[in-house]
Amino acid sequence: MNLTDAANLSHSDWKQRAAALKTSAQTRLFIGGEFVDAADGGTFENICPVDGSVMNTCAAGKKADIDKAVAIAKASFKSGEWSRMAPRERMAIMYRWADLISENGAELALMDTVDMGKPISDMVGVDIPMCIETVQYFAECIDKMTGSITTTEYDVMSTVLREPIGVVGCIAPWNYPLLMALWKISPSLAAGNSTILKPAEQSPLSCYRVAELFVEAGGPPGALQVVNGMGEEAGQALARHMDVSKISFTGSTEVGKLMHVYSGESNMKKVSLECGGKGPQIFCEDLEGELLDRAVETAINGIFFNMGQVCSAGSRLIVHSKIHDVFVEKFIAMGKDAYTCGDPLDPAVNLGPLVDHESQARVLRMVETAVSEGGQLEFGGTAAAGDLQEGAYVVPTMITGVNDNDTIAQLEAFGPVVAVIKVDSDDEAIEIANNSIYGLQGSVWTDNYRKAMRYVREIECGTFLVNSFEEGDMTQPFGGYKQSGNAKDKCFDSLLSYTNTKAVWFRLN
Ligand code: NAD
């Protein structure tokens, strides 16, 4: 079912479909175009965070399965069936793939919802449309890549060619299961690489289905394979493999650092990393009226959307003392009930559970720590009660009176928890915003464009927004400074990062 029809489904329709998915979804490894068990028969339970029930049992891939997939990918790459396919043929397959994702949008949306608890209305309205756009964008780019001819001696033709890299391993997180996977596998495939995806173990279902759709669209089975499993096993085996030429990782900074270790201890494969964030949003003293209201509303969505499980979430609000009290008052009035916990299969619900109970416990501990370090709990700070208590829910939470070195201002909570820090000047705001190991996304809110420009120049991050947050399109590079990563997703440069350049020197005389 496509997204237009999906938008009309009711809560009970989605519940019925979710029940059917328990048995119909593929949960085994997608290797060489077939769904297969793990070599050692290993499995693990896929838990639904809504109520802690077992969704289904997934194959647990390990080194032997990665070895098998890499051998198939390597042979496919060498055969040229994908790597040397005429660009417009490759493009046509990718467009067909995007169409199939669109036609199966409802099923893919449901898979991520049951796997990680994201509200179905967000999957239908945001994630899946962005997935389709991602595949279409990189399809469009395929024959727009060029090499160059460099300026050199009269009797020499010096050219630079772009070539696919070979076998590329992609490791994805669970917070936007399909979208984050597609931000990696789409440019990798568009560039002609044989690609192996290791999804997050919490959310493999949509990744399996999308790989199956790639083959249905005409993609060779060796060009895209999916091997799920634990990070330390399947993920590590992929990142250490001697025949994998690039590893493209999205996930935590802690695990991201390991990718460099694995690369250095194996074959020096290229490593591209998209990691954590602790996004500062700065609210200047001149804010008032409609702009202040819009700033507050955007700040609320910037932290509570997707239960705060967004790498670029605006989790640190740095507010000038002149407007601090009115800002906090408005945030409480507008934000306290803007997101309410509920069954994510209900299209009216905008706040599902966190991905698992471990995350729930970690986030609640962070709130306790924030309060013990002097923060003031304005609202939230608890699990959901009543019918929802079996789920991994955390209600929207606001903490004021935070200092920039407090734990809640430094560590990524990855939950619906916002920390407010009061400042007395622009200098102080800039210093605090930059006092972080992360540098993914930030913003400033002000009517003063000279001031805004100063923030644009001073804040260390890969994406910076003025009077806005969480906007952008496929043309914009997405990726961090500092320990938020070393690469860019989306954008044309992302496609280029999945190619090698070869300098070719023709001596003509
Ligand atoms: P994670 O680091 O725990 O896991 C990410 C992936 O790495 C998973 O597939 C996991 O199985 C795998 N993995 C774990 N240990 C591994 C190991 N030793 N070797 C190889 N692979 C291993 O992260 P997560 O909890 O899935 O995702 C949340 C994190 O992702 C947050 O820090 C968030 O900020 C970050 N993130 C960043 C971006 C971005 O674009 N910068 C986007 C989304 C999420």
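Remember, it's 1-based here, ligands and their atoms both numbered in the order they're listed. Side chains included, hydrogens not; waters and symmetry mates left out as well; all remaining heavy atoms used. Keep in mind that what you see is a predicted model, and the values were worked out from it rather than measured.
For a threshold of 3.5 Å applied to N or O pairs, the pair formed by Trp174 and ligand 1 contains at least one separation below that value. Taking distance alone, with nitrogen or oxygen atoms compared against 3.5 Å, Gly235 stays at or beyond that limit from ligand 1. Close N/O approach between Thr253 and ligand 1 is not found [any backbone or side-chain N/O within under 3.5 Å]. Checked by distance only, ligand 1 and Ser252 come closer than 3.5 Å through their nitrogen or oxygen atoms. Polar contact check, Lys198 against ligand 1: a nitrogen or oxygen pair lies under 3.5 Å apart.
Other residues, nucleotides and ligands place no more than 12 heavy atoms under 6.0 Å from the CD atom of Glu358. Glu390 CD: 12 or fewer foreign heavy atoms inside a 6.0 Å radius. The 12-atom threshold is not exceeded at NZ of Lys74, counting heavy atoms of other residues, nucleotides or ligands nearer than 6.0 Å.
For the 3.5 Å distance criterion, the side chains of Gln483 and Thr253 fail to qualify, holding no donor opposite an acceptor.
Counting the atoms of ligand 1 from 1 in the order shown, those under 4.0 Å from a heavy atom of Met180 are 42 (C), 43 (C). Numbered from 1 in the order shown, with element, the atoms of ligand 1 that lie under 4.0 Å from a heavy atom of Ala172 read 6 (C), 8 (C), 9 (O). Each of the atoms 6 (C), 7 (O), 9 (O), 12 (C), 21 (N) of ligand 1 lies under 4.0 Å from some heavy atom of Ile171. Atom numbering of ligand 1 starts at 1 in the shown order; those under 4.0 Å from a heavy atom of Leu258 are 18 (N). Ligand-side atoms of ligand 1 in range of Asn175: 43 (C), 44 (C), range being under 4.0 angstrom from any heavy atom.
Within the structure, the closest approach of Pro199 to ligand 1 falls below 4.0 Å when heavy atoms are considered. Assignment of Gln309 to the shell around ligand 1 is not supported, since no heavy atom sits closer than 4.0 Å.
Phe30 has its ring centre less than 6.0 Å from the ring centre of Phe35. Aromatic pair Trp183/Tyr137: centroids not less than 6.0 angstrom apart.
Of the protein's non-hydrogen atoms, the one nearest atom 15 (N) of ligand 1 is Val255 CG1, 3.5 Å. Of the protein's non-hydrogen atoms, the one nearest atom 42 (C) of ligand 1 is Cys311 SG, 3.1 Å.
Considering every non-hydrogen atom in both Ser186 and Thr134, the closest pair reads OG-CG2, 3.9 Å. The nearest pair of heavy atoms linking Met55 to Cys48 is CG-CB, 3.8 Å.
Ion pairing between Lys63 and Glu233 fails under the 4.0 Å rule for side-chain N and carboxylate O. Salt-bridge annotation for Glu368 and Arg365: absent, with no side-chain N of the basic residue lying under 4.0 Å from a carboxylate O of the acidic one.
The only option from Asn306, Thr113, Asp112 that meets the side-chain hydrogen bond (donor to acceptor under 3.5 Å, both in side chains) definition with Lys118 turns out to be Asn306.
The closest non-hydrogen atom to atom 17 (C) of ligand 1, taken over Gly480, Pro177, Gly479, Gly231, comes from Gly231. Comparing heavy-atom distances from atom 29 (C) of ligand 1 across Gly251, Ser203, Pro173 singles out Gly251 as nearest. For the residues Gly276, Cys275, Gly485, Ser359, the heavy atom positioned nearest atom 41 (N) of ligand 1 is part of Cys275. Between Phe478, Tyr262, Tyr176, it is Tyr262 that holds the heavy atom closest to atom 18 (N) of ligand 1. Closest to atom 34 (O) of ligand 1 by heavy atom, among Glu412, Gln441, Glu201, is Glu412.
Atom 27 (O) of ligand 1 lies below 4.0 Å from at least one non-hydrogen atom of the protein.
Note on ring orientation: taking the six-membered ring where Trp is involved, the planes of Phe331 and Phe304 are perpendicular (angle over 60°, cut-offs 30° and 60°).
In this structure, the separation between CG on Leu213 and CH2 on Trp97 is 9.0 Å, given to the nearest 0.5 Å.
For the pair Lys488 and Phe478, the cation-pi criterion (under 6.0 Å, within 45° of the ring axis) is not fulfilled.
Looking at Met259 against ligand 1, only its side chain comes within 4.0 Å, counting heavy atoms. Counting heavy atoms closer than 4.0 Å to ligand 1, residue Leu440 contributes side-chain atoms (C-beta onward) but none from N, CA, C or O. Counting heavy atoms closer than 4.0 Å to ligand 1, residue Trp183 contributes nothing at all.
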